Chemist: 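Before anything else, here's the structure in question.
Bear in mind that the values here come from a model prediction, so they are computed numbers and not experimental data.
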Amino acid sequence: MMLQDKVIVVAGVGPGLGRSIALASAREGADVVLAARTAARLDDVAKEIAALGRRGLAVPTDLADAAAVERLRETAVDAFGRVDALVYNALAMPPIKALGEVSLDAVSASFDANVVAALRLTRLFVPLLSESKGSVVMINSMVLRFSQLTMGPYKLTKAALLAMAQSLATELGPQGIRVNSVAPGHIWGDSLKWYFGYLAKKRGVEVAQVYDETAAGTDLRKLPEPDEIADAVVFLASGLARAITGQCLDVNCGEYHH
């Protein structure tokens with residue numbers, strides 16, 4: 001029980017990785033504060049957490065809204081009195097366009113929705129994390145590890161998120177707060193399954209062929225699943241990682257080495 005009686009805030013709870021992080025935290029003994037815009041989804045995950053014997057608190061939150069994230073913090077404190085870890089899993093996908101063509105307004109909006117929103121949320125929770133000697137885990141992406149046409153705006157956003165996490169590790173370390181990142185590869189969840197189904201239909205082949213072709217580029221010949229990435233997040237939030245900060249842990253089944 002790596003997170004026994006800890007309180008974990010998961011910001012950005014969707015049907016895939018966010019849900020897996022929340023449930024993995026509960027399985028390891030944590031109570032979980034769930035934040036996202038879709039209230040019904042949060043309620044469903046809260047029920048799953050309750051079935052594991054832990055408390056799941058659903059707090060519908062627009063993470064880009066300063067007043068909303070302040071309410072999130074206040075609600076977490078009122079319910080639990082403490083916070084031991086903050087996991088930032090939210091993403092507003094920037095345009096998939098070349099940097100030479102993408103709207104600069106769109107780039108600016110992406111930074112506000114991703115990097116600035118993450119910084120705002122983290123700063124609000126610093127006093128609580130300082131009290132608990134807690135940690136922050138930011139979900140990044142393997143886009144950090146390659147350059148590809150049209151992926152520039154996404155890489156730009158995620159590279160800034162990584163730089164911010166590393167700088168926060170330096171700034172917050174003296175308060176006992178650790179800040180780390182997890183960079184998943186392709187996540188074999190519902191979204192990727194749908195996309196591979198689309199590609200398979202377009203090519204007239206089986207989904208398994210598309211999967212195998214993609215997985216062939218990894219050392220383990222498989223794609224990481226949401227629960228496997230969630231386990232890495234739990235590790236970094238736990239006491240087992242008490243001497244680890246400022247790091248980015250790649251979880252990509254060996255597609256890229258770093």
Side-chain angles (χ1 to χ4, degrees), residues 3-93 112-139 161 164-165 168 172 177 179-182 189-190 226-227 229-230 233-234 236-238:
L3 300 176
Q4 185 66 53
D5 298 326
K6 303 293 187 181
V7 177
I8 312 298
V9 176
V10 182
V13 178
L17 181 56
R19 171 182 172 272
S20 292
I21 292 169
L23 294 180
S25 299
R27 282 192 294 269
E28 291 298 330
D31 295 320
V32 188
V33 180
L34 306 160
R37 284 181 292 186
T38 306
R41 181 180 296 151
L42 298 182
D43 291 338
D44 289 342
V45 177
K47 290 175 184 176
E48 292 184 272
I49 290 171
L52 294 170
R54 303 304 308 187
R55 292 180 63 190
L57 176 63
V59 187
T61 308
D62 180 353
L63 295 169
D65 184 327
V69 294
E70 286 186 12
R71 286 194 296 273
L72 170 63
R73 179 194 58 188
E74 292 166 2
T75 303
V77 173
D78 289 345
F80 298 108
R82 61 180 292 153
V83 170
D84 298 280
L86 170 66
V87 180
Y88 191 83
N89 180 56
L91 170 65
M93 193 69 186
D112 286 344
N114 292 291
V115 183
V116 176
L119 178 58
R120 179 189 298 114
L121 185 67
T122 302
R123 282 165 48 156
L124 282 172
F125 278 88
V126 163
L128 292 167
L129 295 172
S130 180
E131 289 179 11
S132 64
K133 304 303 179 189
S135 68
V136 179
V137 182
M138 295 189 178
I139 306 304
L161 189 68
M164 185 183 75
L168 284 171
L172 301 180
I177 301 172
V179 184
N180 291 292
S181 302
V182 170
D190 290 343
D227 286 350
I229 295 161
V233 174
V234 167
L236 287 174
S238 77

Chemist: Main chain of Val137, side chain of Asn180: is a donor-acceptor contact present, judged purely on distance under 3.5 Å?
Modeler: no
Chemist: How long is the gap from CG on Leu63 to CG on Leu72, to the nearest 0.5 Å?
Modeler: 7.0 Å
Chemist: Checking Glu48 now: which residues fulfil salt bridge (Lys or Arg N to Asp or Glu O under 4.0 Å) with it, not counting sequence neighbours?
Modeler: Arg19
Chemist: Kindly write out the residues that satisfy side chain to side chain donor-acceptor pair (under 3.5 Å) with Asp62, not counting sequence neighbours, or none if the list is empty.
Modeler: none
Chemist: Please name the pair of heavy atoms, one in Arg73 and one in Phe125, separated by the smallest distance, quoted to 0.1 Å.
Modeler: CA-CZ, 3.7 Å
Chemist: Between Val45 and Lys47, is a side chain to side chain contact (heavy atoms under 4.5 Å, CB included) present by the stated rule, with each step listed?
Modeler: CA-CA 5 Å; Val45 177; Lys47 290 175 184 176; over 6 Å; no
Chemist: Dump the intermediate steps for salt bridge (charged side-chain N to carboxylate O under 4.0 Å, His left out) on Arg41 and Asp43, then the final yes or no.
Modeler: CA-CA 5 Å; Arg41 181 180 296 151; Asp43 291 338; over 6 Å; no
Chemist: On a heavy-atom basis, which atom in Pro226 and which in Ser20 lie closest, and how many Å separate them?
Modeler: CB-OG, 3.2 Å
Chemist: Got Arg71 and Val59 here, is their nearest side-chain heavy-atom distance under 4.5 Å?
Modeler: no
Chemist: Mind checking salt bridge (Lys or Arg N to Asp or Glu O under 4.0 Å) for Asp5 and listing every partner two or more places apart, or none if nothing turns up?
Modeler: Arg54
Chemist: Taking salt bridge (charged side-chain N to carboxylate O under 4.0 Å, His left out) as the cut-off, I'd like each qualifying pair that reaches into residues 129-139, sequence neighbours left out, listed once.
Modeler: none
Chemist: Between NZ of Lys6 and CG of Asp31, what distance do you get to the nearest 0.5 Å?
Modeler: 12.0 Å
Chemist: Kindly indicate, with the supporting measurements, whether the criterion side chain to side chain contact (heavy atoms under 4.5 Å, CB included) is fulfilled by Leu161 and Met138.
Modeler: CA-CA 8 Å; Leu161 189 68; Met138 295 189 178; 3.9 Å; yes
Chemist: Do Ile139 and Ile21 come close enough that some side-chain heavy atom pair is under 4.5 Å?
Modeler: yes
Chemist: Using side-chain heavy atoms (C-beta onward) and a distance below 4.5 Å, is Val33 in contact with Val10?
Modeler: no
Chemist: Using the side-chain contact (heavy atoms from CB on, under 4.5 Å) definition, which of the options Val234, Leu236, Ile8 pairs with Val87?
Modeler: Ile8
Chemist: Does Val136 form a side chain to side chain contact (heavy atoms under 4.5 Å, CB included) with Tyr88? I'd like the steps, not just the answer.
Modeler: CA-CA 8 Å; Val136 179; Tyr88 191 83; 5.6 Å; no
Chemist: Atom CG in Leu34, atom OG in Ser25: separation rounded to 0.5 Å?
Modeler: 9.5 Å
Chemist: Would you be so kind as to tabulate the donor-acceptor pairs closer than 3.5 Å made by side chains of residues 114-124, with sequence neighbours excluded?
Modeler:
from: Asn114; atom 1: OD1; to: Ala92; atom 2: N; distance (Å): 2.8
from: Asn114; atom 1: ND2; to: Ala92; atom 2: O; distance (Å): 2.8
from: Asn114; atom 1: ND2; to: Ser110; atom 2: O; distance (Å): 2.9
from: Asn114; atom 1: ND2; to: Ser110; atom 2: OG; distance (Å): 3.3
from: Thr122; atom 1: OG1; to: Ala118; atom 2: O; distance (Å): 2.8

Chemist: What heavy-atom pair brings Ala79 and Leu57 nearest, and what distance separates the two atoms?
Modeler: CB-CD2, 3.6 Å
Chemist: Rounded to the nearest 0.5 Å, what separates atom CG in Leu17 from atom CG in Asp227?
Modeler: 9.5 Å
Chemist: Rounded to the nearest 0.5 Å, how far apart are CG of Asp65 and CZ of Arg37?
Modeler: 11.0 Å
Chemist: Do you know the tightest heavy-atom contact between Ala237 and Ser135?
Modeler: CA-OG, 3.5 Å
Chemist: Which distance, rounded to the nearest 0.5 Å, do you find between the CD of Glu28 and the CG of Leu23?
Modeler: 12.0 Å
Chemist: Just to verify, what does Thr61 make a side chain to side chain donor-acceptor pair (under 3.5 Å) with, not counting sequence neighbours?
Modeler: none
Chemist: Do any N or O atoms from the side chain of Ser132 and from the backbone of Val83 form a donor-acceptor pair under 3.5 angstrom?
Modeler: yes
Chemist: So does Asp112 have more than 12 non-hydrogen atoms from other groups sitting under 6.0 Å from CG?
Modeler: yes
